[in-house]
Amino acid sequence: MTDIPKAYEPHSVEQKWYETWNSRGYFKPSGKGPIYSITIPPPNVTGSLHIGHALCYTIHDVLIRWRRMQGYDTLCVPGTDHAGIATQNVIEKQLSKEGLSRHALGREKFLDRTWQFVNEYGGVILTQLKRLGCSFDWDRERFTMDENYVKAVMECFVQWWEAGYIYRGNRVINWCPRCLTAISDIEVEREERKSKLYHLRYPFKDGSGYVVVATTRPETMLGDTAVAANPADERYRDLFGKTLILPIVGSEIPLIADDYAQPEFGSGAVKVTPAHDSNDFEAGLRHDLPQITVIDIHGKMNEQAGPPYTGLDRFEARERIVADLEALGVIEKIEDYDVPTATCARCHTIIEPLLSEQWFVRMKELAQPAIDVVREGRVKFVPERYERTYLDWMENIRDWTISRQLWWGHRIPVWTTEDGQYIVARSQEEALAKAGDRPIKQDEDVLDTWFSSALWPHAVLGWPERTADLEHYYPTSVLITARDIIYLWVSRMIMTGIYFKEEIPFSDVYIYATVLDEHGKRQSKSLGTGVDPLDVIELYGTDALRFSLLIRAARGQDIRFAPIREKRQPQVEEARNFANKIWNASRFVMMNLAGAEEVRSEWVESDALADRWILAELNETIDEVTRALEEYRLNEAAQTLYKFFWDNFCDWYIELTKSVVSSREDTAEVRAARSRIVYILETSLRLLHPLMPYITEEIWQRLPHRGESIMVAPWPEASASREDRKAREQMQVLIAVITKVRNIRSEMNIPPQSRLRLHVGTSDAGARELINKNAGQIKRLARVEEITISEALPEMKSAARDIVAGIEIGVPLEGLIDFDKERERIKKEIERKENETRGLASRLDNPSFAGRAPREVVDQTRQRHAELRAEIEKLRTTLTGLSGQ
RNA sequence: GGGCGGUUAGCUCAGCGGUAGAGCAUCGGUCUUACAAACCGGGGGCCACUGGUUCGAACCCAGUACCGCCCACCA
């Protein structure tokens, strides 16, 4: 078997197995067993894989592979999102490079071009997911602008319209003057920016002085239609209802009483601009104020602003107006001020609140059942804390602006007749039919991207048709997603699922960790702090990337991921080393299988301690890993497997059984040992497979096994009959003894090659038997040539001595012993034990400890205390003996 | 302003009531025929701070500090 490379080479195996799995149809549901289905969060169609995606979809694949092995009928539906603004921005950027604009091109040509781009370059991210090893059903791939998907979107709109949830309204919305569209509240980001606070004097019409108002946006004063103060504000009590003259403009505006004005802020009076501020808008409605729009969709002052401001950019206008106000002597003061500023989440242009006609969805009633299902625990969040986040938002939900002034997206299915009547229909044909012979015109706007993704779980399964998939795989089992789209997406899926399917779309919502850069900040492509997962795969292989992410992906705790520097990424390297360890341990096993065809992966019963122990450890591992996966503690599953495989299997079991397993004889005993080691390895590989699919398949195929692929091999099951506490305890003693001898050798500088003699003394007959039975193991692993076992250690002139687990250890070192060193070593040992004893004693001395602590704990403490005291006593004697030397 | 996380070995992070663990780094020793991407051994921590609950706290409670997120109409 010299053809097995010394190191695992991921690239040669990954493509091979992915194609094999796919071609054999393993990614498709089996149609048998209980259902386990997931629809993935659709990435942007123009996007490319970043490390957060890698984590997200790796988690998907782990769960799907695990459930598949458990015998579930598993389905994972992949797909992409048309991502309205994001995609349109990409195309517009291209156009501007060519000196074009979408308006120059026209709607139809722009859409042609976008489709062309999407068809050609879109979905690259899905091929990247294939490199990640994702076992998704690619035949069921969906896109939010697929013909069938569009039907779902239209159906939703029509039904909601008919039920009265959708309405058109004139409101102040968040407008992005760069994207030239409305955006919803949750697509706005807020940050503090350094600017000024301007205090302006608005004089009373009757010449009786003035009111000072504070504003961060003086340019909007051209649209002011009132000044408001709090009704409880003494300073204004007698002034409400008086008329003010708006400087520059000269118009007359009232001083009104409204509690939205905060008496503590500035002078307590606030100017009211209903067309350019959402609060002012609300106040305007309350007081029936005119709405004067002075800024246009490009962020420029419009006709109403009047000369000389018309045509100026809003920020130029600000300077101009401030200068003019200054000239009029109405500026009280200007202060430096950190202004909370709203920006577009997409392009970070400062949002212009704009009075505009948009389509909205009335949310309150739709949200209620989605609140209930979470409250009742029918939809559970993992980690639990996100339940609160979700509920807080849902309970204060506001209406959803769903229209976008974009071209790329689902065009709003509303047609208007000449006399202004709305016709809402699922298609142009239906609309025409409804219109009869009246001419109609379709609304220019498209729907918010999230309007379509809100339907994802049932739409990808075929809704509104009653398809077999929909009947079978809805509701899905779990939604795995990032926390920043709980509002944008998760909440809306729950609402639409309940509304249209009368059933929750998924019962678990697993919010996975946010991947940060090495400084704990969000990874950002524009800052260049993003890591390309494909680069990582190139370097270390898919399994290493997956494992390194999984072992960190603790219960939603953020993880930091360092960039690749000088062709190295230490976090992934750790996982790569583990992969390599798996490879080499397997290599050892396979080397000893050569020419022994009859060896099977099966557990041949054995009385040997090592065998009983590893079987018990394996059993425990199966149990822990399975439980961890059930509870979405993927990091613990990974950690448990890492420890079992490396520490228990490699460092101890292989070493303990090596001599038999690699024996040249072909006896029944040797064959049995080989069967056992193959069994342990093969079972471990099955446990590891969901996390590291490629390496486990590659090795599994070279081992004796049943079945055609590890992917469809059964998930191991733990069994109470394989628990063996005694074996685990005894093995701990054996490990302690061997470690102690190695320790003496190392500390006393005894060359590794030299064979030692070992004296073991203990009054415990059971311990003597344990040592005796495993003398061969101790000899091999501690490099000892002879072991003498007695009830107590004999006098030894020059020897290193120690005591562990109540067992005295002596290593005669004629001529080799360095007495100073030995004294030092023993002293250190005594000190260590004394430290521990002190801690235990202080507990035992406390009378309430014995009284209140559980019996078990008290007994254990006493026992350990006594044992330590005896050990210290023995070591002291040894030390005294040494001091004469 | 409100809420949620985090603060544990030099670094990255586990642990979340019985007085601390891993990987990397470090120090010493090994090419012991599965693996030097490895093996063996060692050193390193008042578990951010202050109180409280408890027989017992890194772990529970209250507060403080710093870091990071989310929400919010203070012009």
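All chains are named by letter (A, B, ...) in the order of the sequence lines, taking the proteins before the strands, and each is independently numbered beginning at 1.
Taking the ring centre of A/Y210 as origin, the terminal cationic atom of A/R201 falls inside the region bounded by 6.0 Å and 45° from the ring axis. Taking the centre and axis of the six-membered ring of A/Y642, the NZ or CZ atom of A/K581 falls outside the cone set by 45° and 6.0 Å.
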Is there any protein nitrogen or oxygen under 3.5 Å from a nitrogen or oxygen in nucleotides 31-34 of chain B, and what are the pairs?
{"residue": "B/rA34", "atom": "OP1", "partner": "A/K658", "partner atom": "NZ", "Å": "3.3"}
{"residue": "B/rA34", "atom": "O3'", "partner": "A/R587", "partner atom": "NH1", "Å": "3.3"}
{"residue": "B/rA34", "atom": "O2'", "partner": "A/N584", "partner atom": "OD1", "Å": "3.0"}
{"residue": "B/rA34", "atom": "O2'", "partner": "A/R587", "partner atom": "NH1", "Å": "2.6"}
{"residue": "B/rA34", "atom": "N7", "partner": "A/K658", "partner atom": "NZ", "Å": "3.4"}
{"residue": "B/rA34", "atom": "N6", "partner": "A/C650", "partner atom": "O", "Å": "3.4"}
{"residue": "B/rA34", "atom": "N6", "partner": "A/E655", "partner atom": "OE2", "Å": "3.1"}
{"residue": "B/rA34", "atom": "N3", "partner": "A/N584", "partner atom": "O", "Å": "3.0"}
{"residue": "B/rA34", "atom": "N3", "partner": "A/A585", "partner atom": "N", "Å": "3.2"}

Hey, what are the protein-to-nucleotides 57-63 of chain B N/O distances that come in under 3.5 Å?
none

Which pairs, protein N/O on one side and nucleotides 18-28 of chain B N/O on the other, fall under 3.5 Å?
{"residue": "B/rU19", "atom": "O4", "partner": "A/G839", "partner atom": "N", "Å": "3.4"}
{"residue": "B/rU19", "atom": "O4", "partner": "A/G839", "partner atom": "O", "Å": "3.1"}

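Rounded to whole angstrom, the span from the CZ atom of A/R565 across to the P atom of B/rU12 amounts to 12 Å. The CD-C1' distance, from A/E573 to B/rA36, rounds to 13 Å in whole Å. Taking atom CG on A/D338 and atom P on B/rA75, their separation rounds to 10 Å, with Å as the unit. In this entry the distance linking NE2 of A/H865 with P of B/rG56 reads 19 Å, nearest Å. Whole-Å rounding puts the A/I738 CD1 to B/rG41 P distance at 10 Å. In this structure, CG of A/D259 is placed 15 Å from C1' of B/rA75, rounded to the nearest angstrom. When the C1' atom of B/rA75 is taken as reference, atom OH of A/Y236 falls 12 Å away, rounded to whole Å. Atom CG in A/L516 sits roughly 17 Å away from atom P in B/rG5 (whole-Å rounding).
Counting heavy atoms from C-beta outward, A/L545 and A/I51 have side chains that approach closer than 4.5 Å. For the pair A/F588 and A/C650, the minimum side-chain heavy-atom distance is 4.5 Å or more. Within the 4.5 Å cutoff, side-chain heavy atoms of A/F849 are placed close to those of A/L844. Put simply, the side chain of A/V172 does not reach to within 4.5 Å of the side chain of A/H276, judged on heavy atoms. You'll find the side chain of A/M394 reaches within 4.5 Å of the side chain of A/S491, heavy atoms only. Between A/D802 and A/R825, the closest side-chain pair of non-hydrogen atoms falls below 4.5 Å.
In this structure, A/Y386 reaches neither bases nor backbone, as no heavy-atom distance under 4.0 Å exists between it and the strands shown. If you check every strand for non-hydrogen atoms under 4.0 Å, A/R398 touches sugar and phosphate atoms only. The residue A/A228 sits apart from the nucleic acid: no heavy atom pair falls under 4.0 Å. In this structure, A/R745 reaches neither bases nor backbone, as no heavy-atom distance under 4.0 Å exists between it and the strands shown. Across all strands, A/N580 comes closer than 4.0 Å to base atoms (heavy-atom distances). Among the atoms of the strands shown, base atoms are found under 4.0 Å from some heavy atom of A/G268. Within 4.0 Å (heavy atoms only), A/R664 reaches no atom of the nucleic acid at all.
The same atom, C1', is picked in B/rC4 and in B/rG42; the two are 42 Å apart, to the nearest Å. Here the separation of B/rU8 from B/rC70, taken at their C1' atoms, is 26 Å to the nearest Å. With both ends at atom C1', the span from B/rG28 to B/rA65 equals 41 Å, rounded to whole Å. Comparing B/rG15 with B/rC69, their C1' atoms sit 24 Å apart, to the nearest whole Å. Comparing the C1' positions of B/rC46 and B/rU19 gives an interatomic distance of 12 Å, to the nearest angstrom. For the C1' atom pair drawn from B/rU26 and B/rC49, the interatomic distance equals 30 Å after rounding to whole Å. Straight-line distance between the C1' atoms of B/rU50 and B/rC13: roughly 27 Å, to the nearest whole Å. Comparing the same atom, C1', in B/rA58 and in B/rA20 gives a spacing of 8 Å after rounding to whole Å.
Atom-to-atom distance recorded for A/N580:CG and A/K6:NZ is 10.5 Å, nearest 0.5 angstrom.
With hydrogens and angles left out, the side-chain atoms of A/R838 and A/N835 include a donor and acceptor closer than 3.5 Å.
A/E189 CD: more than 12 foreign heavy atoms inside a 6.0 Å radius. Counting heavy atoms of neighbouring residues, nucleotides and ligands inside a 6.0 Å radius, atom CZ of A/R235 exceeds 12 of them. Other residues, nucleotides and ligands contribute only 12 or fewer heavy atoms inside 6.0 Å of the CD atom of A/Q732.
Of the candidates B/rC55, B/rA37, B/rU12, B/rA37 carries the atom nearest the A/A7 side chain, counting heavy atoms from C-beta on. Distance from the side chain of A/R576 is smallest to B/rA37 among B/rC69, B/rA75, B/rA37. For A/R385, counting side-chain heavy atoms from C-beta on, the closest listed nucleotide (B/rC35, B/rG5, B/rC73) is B/rG5. Distance from the side chain of A/T216 is smallest to B/rA75 among B/rC13, B/rC55, B/rA75.
Between A/F381 and A/Y390, the ring-plane angle classifies as tilted under the 30° and 60° cut-offs. A tilted orientation is assigned to the rings of A/W583 and A/Y8, their planes being inclined by 30° to 60°.
Between A/R483 and B/rG68, a side-chain N or O to OP1/OP2 separation shorter than 4.0 Å is absent. Close to B/rC13, at under 4.0 Å from its OP1 or OP2, lies no side-chain N or O of A/Q571. For the OP1/OP2 pair of B/rC13 and a distance below 4.0 Å, the side-chain nitrogens and oxygens of A/R560 include at least one atom meeting the criterion.
Listed by residue number, A/V270, A/N279 are the residues of residues 270-286 of chain A with a heavy-atom contact under 4.0 Å to RNA chain B.
With respect to the salt-bridge test (charged N to carboxylate O, under 4.0 angstrom), the residues A/R217 and A/D277 do not qualify.
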Discussion item. Would A/N230 and A/Y236 count as a side chain to side chain donor-acceptor pair (under 3.5 Å) here? Give the steps.
Written reply: CA-CA 8 Å; A/N230 198 288; A/Y236 299 96; over 6 Å; no

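With the nearest nucleotide of RNA chain B identified for both A/R742 and A/Y487, A/R742 has the one nearer the 5' end.
For A/Y653, the side chain to side chain donor-acceptor pair (under 3.5 Å) partners two or more places apart in sequence, or in a different chain, are A/D611.
Without hydrogens or angle criteria, A/Y540 side chain to A/Q569 main chain gives a donor-acceptor distance under 3.5 Å.
Base pairing in RNA chain B yields stems of at least 3 consecutive Watson-Crick or G-U pairs, both distances under 3.5 Å, namely B:1-7 with B:65-71, B:10-13 with B:21-24, B:26-30 with B:38-42, B:48-52 with B:60-64.
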